Amino acid sequence: MDQLKEYYKELGVSGEVYDYAKNIESSLSERFAEFDAVAEFNQLKVLKAMKKNRISEAHLGETTGYGYDDIGREAIEGVYADIFQTEDALVRPQITCGTHALGLSLNANLRPGDEVMSPVGKPYDTLEEVIGIRPSKGSLAEYGITYAQADLKPDGSFDYEAIKQAINDRTKLVTIQRSKGYATRPTLSVERIGELISFVKDIKPSVIVMVDNCYGEFVEETEPSQAGADLVVGSLIKNPGGGLAPIGGYICGKKELIEQCAYRLTTPGLGKEVGASLGVNRQFLQGLFLAPTVVNSALKGAVFAANLYESLGFKVVPDGKESRHDIIQAVEFNDPEKLKAFCQGIQAASPVDSYVTPEPWDMPGYDSQVIMAAGAFVSGSSIELSADGPMKPPYAAYFQGGLTYPHAKYGITMSLQRMAEKGLVLL
């Protein structure tokens, strides 16, 4: 232990900060054991799907050009469909990010005159321009697709009366964002998502329910597709890529809806038949295999961060004892300097670009400046150690990731070190 403390000191962490963090960690063994049990369950689930689809070395190869008869690509999509218990899946490197996957799903399954509705408040910032909440070229609004919204109640519960009033004859698709995004509302559990889906389907059985599953995969033993979602959508540079996928997104769901998505991704008449894997099949499969334990590490880091900053008097969402339904940990600083110091500490703990000092900047798709710490092997990967936040009240940092728990722990400890050095916290 003395040698470990010395390593921390060599990496910039004072003895006082180390001792403070170590004291917090010592109280978390029971929570960590719970996460380990979920990770074991999900590891076996992934392994079962890979065995069922008879994954072999032949599936790890690459195709180029049109990508006809890419057996690896087809096997990966079979594995995803089995893990999420859906009829079909679309898992492609041509899907560039989570926002792209969501926009693709919306554009593929909505037509002029339809309406998309959110029963959980405003969606994540980058979807505002996709939908047309903020005007943008090529938005759904430009194609005559309207948007309606029911806000959550102040306590985070669903406003069922408002949802009922918002659903009408033109409501074609209901989109549910599982994670909090840049908000400090609770993340939705699979159980709560299932209750909401049942309520919506009772009002209009034909409606398509899409769940933005980003940051939530493998956090629980079930996924929203097992709770009635028609489509579940996410990014491979988040949880299911396991830190190895260099790009990509997935859409799992009903076969007819996936077919629509494939036609939109490529072109009508071609659909899933084209799209070369370009050598990423190995990373997609190996990353997926590792994902349950990588998510486990990220969850431990999130709970460590919650308990540490809660002990210093900051509001954290979720709090240090709440159940977890995604990997994101929000810490409200109500001070731009504290937010910047936090992110700078995370960056200093990174294996890549640790010498860089992050500053707020105008990121595409956001309505305010954003500060982001992301010294990752895969650019922008938020399953790796990262933190970001919009430079506006309540000046909250959104921390996520950590391919290993020891790295996540060091990152959080380093964020506290930066704040202590600047006199922004007192231990």
Side-chain angles (χ1 to χ4, degrees), residues 102 106 115-128 130-134 146-205 207-216 219-220 222-224 227-233 302 306 309-310 314-334 367-368 389-390 392-398 400:
L102 291 161
L106 292 168
E115 185 162 276
V116 58
M117 183 263 179
S118 170
V120 294
K122 186 172 71 70
Y124 187 67
D125 297 42
T126 56
L127 270 187
E128 291 185 20
V130 173
I131 293 169
I133 299 170
R134 280 187 284 135
T146 55
Y147 171 74
Q149 174 179 309
D151 291 327
L152 294 171
K153 291 183 176 180
D155 64 357
S157 63
F158 302 128
D159 190 335
Y160 286 113
E161 187 58 37
I163 294 169
K164 187 175 182 179
Q165 292 177 5
I167 295 174
N168 57 63
D169 291 342
R170 292 186 299 107
T171 306
K172 177 71 174 293
L173 186 148
V174 169
T175 178
I176 300 171
Q177 182 176 296
R178 178 176 180 173
S179 192
K180 61 180 69 63
Y182 281 157
T184 51
R185 59 109 163 145
T187 290
L188 305 178
S189 67
V190 173
E191 182 180 8
R192 290 192 68 204
I193 290 171
E195 293 169 358
L196 181 55
I197 292 172
S198 295
F199 181 79
V200 167
K201 292 279 190 177
D202 283 344
I203 298 170
K204 190 171 185 178
V207 76
I208 299 166
V209 177
M210 179 184 82
V211 174
D212 175 356
N213 205 29
C214 287
Y215 303 105
V219 172
E220 300 184 50
T222 58
E223 300 293 340
D230 300 303
L231 289 169
V232 289
V233 184
Y309 278 99
E310 191 172 48
F314 295 102
K315 180 181 178 182
V316 296
V317 181
D319 69 33
K321 292 183 172 56
E322 286 182 75
S323 60
R324 300 294 313 201
H325 308 295
D326 71 356
I327 65 169
I328 297 176
Q329 182 60 52
V331 183
E332 290 187 18
F333 291 115
N334 292 299
D367 64 357
S368 67
K392 59 183 180 181
Y395 295 101
Y398 297 85
Q400 60 269 321

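Every heavy atom of this structure was used, including side-chain atoms; hydrogens, water molecules and symmetry mates were not. Because the structure is predicted, anything quoted here is derived from the model rather than measured.
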Approximate separation, where rounding is to 0.5 Å, of E332 CD and Y395 OH
13.0 Å
I want to check something: taking the side chain as every heavy atom from C-beta on, are I176 and V174 in contact at a cut-off of under 4.5 Å?
yes
With a cut-off of 6.0 Å (strictly less than), are more than 12 heavy atoms of other residues, nucleotides or ligands near CG of D155?
yes
Short question: side chain of Q329, backbone of Y398 - any donor-acceptor pair under 3.5 Å?
no
Do F333 and V331 make a side-chain contact, defined as non-hydrogen atoms from C-beta onward lying under 4.5 Å apart?
yes
Validation row: V207, L173 side chains within 4.5 angstrom (heavy atoms)
no
Which heavy-atom pair separates T171 from A166 by the least distance, and what is that distance?
OG1-O, 3.8 Å
Supply the atom-to-atom distance M117 CE to Y147 OH, rounded to the nearest 0.5 angstrom.
8.0 Å
E115 and A148: which non-hydrogen atoms are nearest, and at how many Å?
OE2-CB, 3.5 Å
4.5 Å side-chain heavy-atom contact, D125 and P390:
no
Determine, stepwise, if the pair Y160 / I203 fulfils side-chain contact (heavy atoms from CB on, under 4.5 Å).
CA-CA 11 Å; Y160 286 113; I203 298 170; over 6 Å; no
Side chains of K315 and Y309, heavy atoms from C-beta outward: is any pair under 4.5 Å?
no
Quick check on E322: does its CD atom have over 12 non-hydrogen neighbours (other residues, nucleotides or ligands) under 6.0 Å away?
yes
Can you tell whether the side chains of E128 and K122 come within less than 4.0 Å, N to carboxylate O?
yes
Between A227 and I197, what is the shortest heavy-atom contact and its length?
O-CD1, 3.7 Å
Sort out for me which residue in H325, K180, R178 forms a side-chain hydrogen bond (donor to acceptor under 3.5 Å, both in side chains) with T187.
K180
What is the distance from atom CZ of R324 to atom CD of E220, rounded to the nearest 0.5 Å?
11.5 Å
To the nearest 0.5 angstrom, please state how far the OH atom of Y124 sits from the CG atom of D212.
10.0 Å
For the pair I167 and V200, evaluate side-chain contact (heavy atoms from CB on, under 4.5 Å) and give the outcome as yes or no after the intermediate values.
CA-CA 8 Å; I167 295 174; V200 167; 4.1 Å; yes
How long is the span from the CD1 atom in I193 to the CD atom in E223, to the nearest 0.5 Å?
9.5 Å
If only atom types and distance count, is the side chain of S157 paired as donor or acceptor with the main-chain N or O of K153 below 3.5 Å?
no
If we only count heavy atoms from C-beta on, is the L127 to V130 side-chain gap below 4.5 Å?
yes
Quick one: OG on S179 to CZ on R185, what's the gap to the nearest 0.5 Å?
7.0 Å
Start with the C-alpha gap between V116 and K172, add the side-chain angles, then the distance that decides, and say whether side-chain contact (heavy atoms from CB on, under 4.5 Å) holds.
CA-CA 6 Å; V116 58; K172 177 71 174 293; over 6 Å; no
So do the side chains of N334 and P393 get within less than 4.5 Å of each other, counting heavy atoms only?
no
Holding to side chain to side chain contact (heavy atoms under 4.5 Å, CB included), I want the full list of residues that pass it with D151, two or more places apart in sequence or in another chain.
Q149
Run the numbers on V209 and L231 for side-chain contact (heavy atoms from CB on, under 4.5 Å), then give the verdict.
CA-CA 6 Å; V209 177; L231 289 169; over 6 Å; no
Between A306 and G320, what is the shortest heavy-atom contact and its length?
CB-CA, 4.0 Å
